[in-house]
Amino acid sequence: RICVITLAEAHPLLQSGKTIKNINYQISANCSRLQNKVSGKSKRTCLFIFQMQGAQFLTELAPLCRISSSDGEEYTIYSCIRGRLIEVNENILSNPALLQEKPSSEGYIAVVLPKFEESKSITQGLLTQKEYEEVLLKRRGSAS
């Protein structure tokens, strides 16, 4: 029921071979995703449920971080789902290459926990791998 936010295979940072210079979780003067502190845990019928004390609430359009490449391009990465920010991956701050080398594992950006009642509609709205590849083909076809 948790969502791990990563860069998509088709993201320009993964396709172009650009070098990542910097990752910044400071969204604005008053908002840093690094300040997100989730605390507490309770056990309920063999499931661990997070008590969302201190977790930042995210909307689909909430920025998670900004990634700068060595050629000066900056990319804002958005949550894309509504939920509570459980954690950000601080390891990519000291080793930004993880985003490119291991984007779907150690190079993840953040972990978000959607509201329980919204999690089913979120997962039903996701594309399968095949559907995703078809979307990419269509995009490439319309770009040429």
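Atom set for the values below is all heavy atoms of this structure, side chains included, hydrogens, waters and symmetry mates excluded.
For the side chain to side chain contact (heavy atoms under 4.5 Å, CB included) test with I23, the passing option among I77, N89, I92, L98 is I92; the others fail.
Side-chain atoms of R84 come within 3.5 Å of backbone N or O of A55 as a donor-acceptor pair. At least one donor-acceptor pair closer than 3.5 Å links the side chain of R33 to the backbone N or O of P63. Side-chain N or O atoms of Q56 include one that pairs as donor or acceptor with a backbone N or O of S32 at under 3.5 Å.
When all heavy atoms are compared, the tightest approach of I20 to P96 is CG2-CB, 3.6 Å. Here the closest non-hydrogen pair linking L99 and G107 is CD2-O, 3.1 Å. Of all the heavy atoms in S68 and E74, the pair that sits closest is OG-OE2, 3.7 Å. The heavy-atom pair separating A110 from L85 by the smallest distance is CB-CD1, 3.8 Å. Across all non-hydrogen atoms, the minimal contact from Y78 to I5 is O-CG2, 4.3 Å.
Annotation: the span from L126 atom CG to C3 atom SG amounts to 7.0 Å, rounded to 0.5 Å. Here the straight-line distance linking atom NZ of K138 with atom CZ of R140 works out to 13.5 Å at 0.5 Å rounding. Distance check: Q100 CD to I67 CD1 gives 9.0 Å after rounding to the nearest 0.5 Å.
Residues L113 and V111 have side chains not in contact (no heavy-atom distance under 4.5 Å, counting atoms from C-beta outward). Counting only heavy atoms from C-beta outward, the side chains of V112 and S79 approach each other to under 4.5 Å. With contacts defined as side-chain heavy-atom distances shorter than 4.5 Å, the pair E90/V88 qualifies.
The cluster map of Ile, Leu, Val, Met, Phe, Trp and Tyr, joined by side-chain heavy atoms under 4.5 Å apart, puts I27 and Y25 in different clusters. A chain of hydrophobic side-chain contacts below 4.5 Å, direct or via other Ile, Leu, Val, Met, Phe, Trp or Tyr residues, connects L93 to L64.
Counting Ile, Leu, Val, Met, Phe, Trp and Tyr side chains that sit under 4.5 Å apart, directly or through other members, V135 shares a hydrophobic cluster with L127, Y132, L136. In the hydrophobic clustering, where aliphatic and aromatic side chains (Ile, Leu, Val, Met, Phe, Trp, Tyr) are joined below 4.5 Å either directly or transitively, F57 stands alone.
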Side chain to side chain contact (heavy atoms under 4.5 Å, CB included) between I109 and L7, intermediate numbers included: CA-CA 8 Å; I109 295 167; L7 288 180; 4.0 Å; yes
For residues 8-17, run the donor-acceptor check on the side chains, cut-off 3.5 Å, and write out each pair with its distance to 0.1 Å, sequence neighbours left out.
{"residue": "H11", "atom": "ND1", "partner": "L13", "partner atom": "N", "Å": "3.1"}
{"residue": "Q15", "atom": "NE2", "partner": "E9", "partner atom": "O", "Å": "2.5"}
{"residue": "S16", "atom": "OG", "partner": "P12", "partner atom": "O", "Å": "2.6"}
{"residue": "S16", "atom": "OG", "partner": "K18", "partner atom": "N", "Å": "3.4"}

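The 12-atom threshold is not exceeded at CG of N30, counting heavy atoms of other residues, nucleotides or ligands nearer than 6.0 Å.
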